[in-house]
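Heads up, the thing below is written out as structure tokens.
Labels below follow one simple rule: chain letters A, B, ... track the order of the sequence lines, proteins then strands, and each chain is numbered from 1.
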Amino acid sequence: MIAVDRELCDFCGTCVAVCQPDAIFLAERDIRIDLEKCTDCENCVIACPLGAMREVSDEDRF
Amino acid sequence: MKTDFEIVVIGGGPAGTTAARFACIGGAEVLLVERRREFGVPTRCAEGVGETSLAEFLKPDPSLISRRLKGARLISPDGTAVELTVEGSGLILERKIFDRKLAELAGEAGTEIRLNSQVTSIERAGDHRWRTKISQNGTEKKVTSRIIIAADGVESRVGRWAGFKTALSLHNIESGLQYQIYDESVDQNFSELYFGEEVAPGGYLWCFPKGEGVGSVGVGLAADRLKGKTARSFLDDFLHEKFPNARIISMVAGGIPVSVTLKEIVGDGIMLVGDAARQVNPMTGAGILNGMIAGKLAGEVAASAIKQGDTSKERLQEYHKLWHQRVGKIHRAYYIIKEGVIKLSDDSLNRVAHLLSDLPPEKRTIKRVFFTALSRDPRLLLELRHIFGR
Ligand SMILES: Cc1cc2nc3c(=O)[nH]c(=O)nc-3n(C[C@H](O)[C@H](O)[C@H](O)COP(=O)(O)OP(=O)(O)OC[C@H]3O[C@@H](n4cnc5c(N)ncnc54)[C@H](O)[C@@H]3O)c2cc1C
Ligand code: SF4
Ligand code: SF4
């Protein structure tokens with residue numbers, strides 16, 4: 001599953017723009033992924049300028 | 001607090017503030033909603049603009065400008081620098097002040113402004129109206145309006161909620177990162193653009209002066225060419241090599257839409273402007289002025305539609321038509337040029353740089369750069385003639 005490292009994230013919105021199912025909620029200093037909507041496509045992982053999005057196993061969520 | 005408006009503008013970047021301003025000037029009652037606490041901060045932008053087009057919107061007051069450029073230097077993978085000094089070379093803005101000024105102008109024209117206000121959804125409210133849900137410090141407020149102008153930047157969720165296909169493919173977004181650095185060796189008179197697979201695959205790396213030893217050094221890289229690396233790792237590699245002693249003052253990430261304009265930018269009672277409509281120049285990544293132009297056109301059309309009591313898609317199409325006439329056609333051609341340029345190998349880029357640097361300075365124009373870069377592609381040459389004439 002996809003998880004975001006809030007320590008690394010700059011809240012820039014690049015991931016939101018490439019998330020086809022609109023699964024990412026972004027506020028000025030908050031970000032959340034709706035795992036119900038997420039299709040694990042990894043577009044956000046690839047596009048994030050800071051590498052803040054990662055594919056993780058269910059156990060080691062941030 | 002007032003809960004009903006004629007127009008609600010969502011997003012307070014250059015596109016949104018300009019749309020709000022011109023809608024008010026046209027006589028409409030406008031609410032501008034921005035989730036940030038302050039306009040223009042953080043500045044996810046390299047702040048470069050052409051000077052001439054700015055005058056249409058505001059007086060280029062010195063406080064809005066960091067540096068006036070003497071020219072640009074294009075640097076090929078083998079280090080050949082092509083200096084361009086002929087045309088009006090452009091400005092580096094101080095967007096922190098610039099964006100606030102644009103918001104002030106909207107406010108002076110009569111726009112009601114709500115900061116620290118995140119739009120969480122929009123829905124139809126019947127009777128040709130929209131209901132916009134706004135979350136402010138955890139409390140939810142609702143406002144209604146005849147028209148929504150979606151100016152929510154690269155994310156463009158508002159448009160998506162209204163049924164527009166705004167999500168970008170990895171090919172059509174650049175993953176961007178920029179440091180502001182302090183280093184005496186930053187050239188304070190020239191912008192520098194670096195090209196090539198090693199430094200900036202599918203995009204370019206820039207170094208723009210900000211005055212007093214400060215520079216903005218950043219990359220915008222095609223997201224489908226990153227090969228598992230991040231924009232940050234490309235930028236860090238460059239910095240170690242070129243500015244090993246630089247002091248990093250700040251960092252911003254950001255995505256740059258480099259696609260054609262969306263096929264549809266209006267619907268019943270809704271208009272998309274700026275990055276949200278994918279109106280950034282896909283070749284250069286410049287979106288400030290295009291966003292302002294679109295904002296002005298949309299704001300004017302929206303106000304006039306309200307006056308006539310017709311906010312249908314057909315009525316609002318006028319904005320799309322005006323955008324197409326003024327920028328849209330050229331915008332599309334720039335997309336095709338971008339597609340050509342990002343395919344050039346490092347060898348081709350070097351060859352182009354050698355050819356150009358052999359020319360006398362007065363012949364080195366942007367037009368010449370494009371023609372030389374794409375000289376081996378007849379289809380693209382046609383596009384270039386279309387943009388620049390012969
Ligand atoms: C690294 C980088 C460098 C760049 N360099 C240049 C350059 O040198 N020259 C140039 O011309 N362009 C440049 N650009 C592009 C330029 O920054 C944008 O095109 C421009 O800011 C677009 O203006 P806009 O008003 O459409 O969107 P933005 O300026 O992005 O404004 C959108 C606003 O909407 C707000 N918002 C989003 N969602 C919501 C919501 N749900 N509720 C409330 N508010 C919301 C955001 O907080 C934001 O303030 C660069 C971009 C990047 C990332
Ligand atoms: S792209 Fe990366 S840095 Fe930007 S908001 Fe998404 S996770 Fe955060
Ligand atoms: S993996 Fe794909 S669907 Fe899931 S959040 Fe990232 S971009 Fe969206």
Review point. In terms of heavy-atom proximity below 4.5 Å to chain B, should A:Leu26 be classed as side chain, backbone, both, or neither?
Key: both

Review point. Can you tell me if CD on A:Glu7 sees more than 12 non-hydrogen neighbours from other groups inside 6.0 Å?
Key: no

Practice item. Under the side-chain hydrogen bond (donor to acceptor under 3.5 Å, both in side chains) rule, collect the residues that match up with A:Arg29, sequence neighbours excluded. Key: none

Check your understanding: By a 4.5 Å heavy-atom criterion (distance strictly below it), what part of B:Arg35 contacts chain A: side chain, backbone, both, or neither?
Key -> both

Review point. Does NZ belonging to B:Lys229 count more than 12 external heavy atoms closer than 6.0 Å?
Key: yes

Review point. Are side-chain heavy atoms of A:Cys12 and B:Arg44 found at a separation under 4.5 Å?
Key: yes

Point to revise | A:Leu50 vs B:Met251 side-chain heavy atoms within contact, under 4.5 Å | key: yes

**Study point:** SG on A:Cys19 to CZ on B:Arg160, rounded to 0.5 Å
**Key:** 6.5 Å

Check your understanding: Taking everything shown except B:Arg332 itself, do over 12 heavy atoms lie less than 6.0 Å from its CZ?
Key -> no

Practice item. Considering non-hydrogen atoms only, spot the tightest contact between A:Cys48 and B:Thr230 and give its length. Key: O-CG2, 4.1 Å

Check your understanding: Do any of residues 219-228 of chain B come closer than 4.5 Å to chain A, heavy atom to heavy atom, and if so which ones, in number order?
Key -> B:Ala223, B:Leu226

Practice item. Evaluate the criterion side chain to side chain contact (heavy atoms under 4.5 Å, CB included) for residue pair A:Glu28 and B:Gln118; output intermediate values, then yes/no. Key: CA-CA 8 Å; A:Glu28 196 182 12; B:Gln118 168 111 16; 5.8 Å; no

Point to revise | Smallest separation among heavy atoms of B:Arg157 and A:Asp22, with atom names | key: NE-OD1, 2.7 Å

Review point. Between B:Ala231, B:Ala253, B:Gly255, B:Ser233, which shows the greatest number of heavy-atom pairs under 4.5 Å with chain A?
Key: B:Ala253

Point to revise | Heavy-atom side-chain proximity of B:Leu170 to A:Val18 below 4.5 angstrom | key: yes

Check your understanding: chain B: which of A:Thr14, A:Asn43, A:Asp10 shares the most heavy-atom pairs with it under 4.5 Å?
Key -> A:Asp10

Practice item. Applying side chain to side chain contact (heavy atoms under 4.5 Å, CB included), run through B:Glu155 and A:Ile24 and close with a yes or a no. Key: CA-CA 10 Å; B:Glu155 294 162 55; A:Ile24 304 172; over 6 Å; no

Point to revise | Minimum heavy-atom distance between B:Val154 and A:Gly13, given as atom pair plus value | key: CG1-O, 4.2 Å

Review point. Which region of B:Leu168, side chain (C-beta onward) or backbone (N, CA, C, O), has a non-hydrogen atom less than 4.5 Å from a non-hydrogen atom of chain A, or is it both or neither?
Key: both

Review point. Near B:Lys142 NZ, under 6.0 Å, is it more than 12 heavy atoms from other residues, nucleotides or ligands?
Key: no

Practice item. Check whether more than 12 heavy atoms from other residues, nucleotides or ligands sit under 6.0 Å from atom CD of B:Glu198, and answer yes or no. Key: no

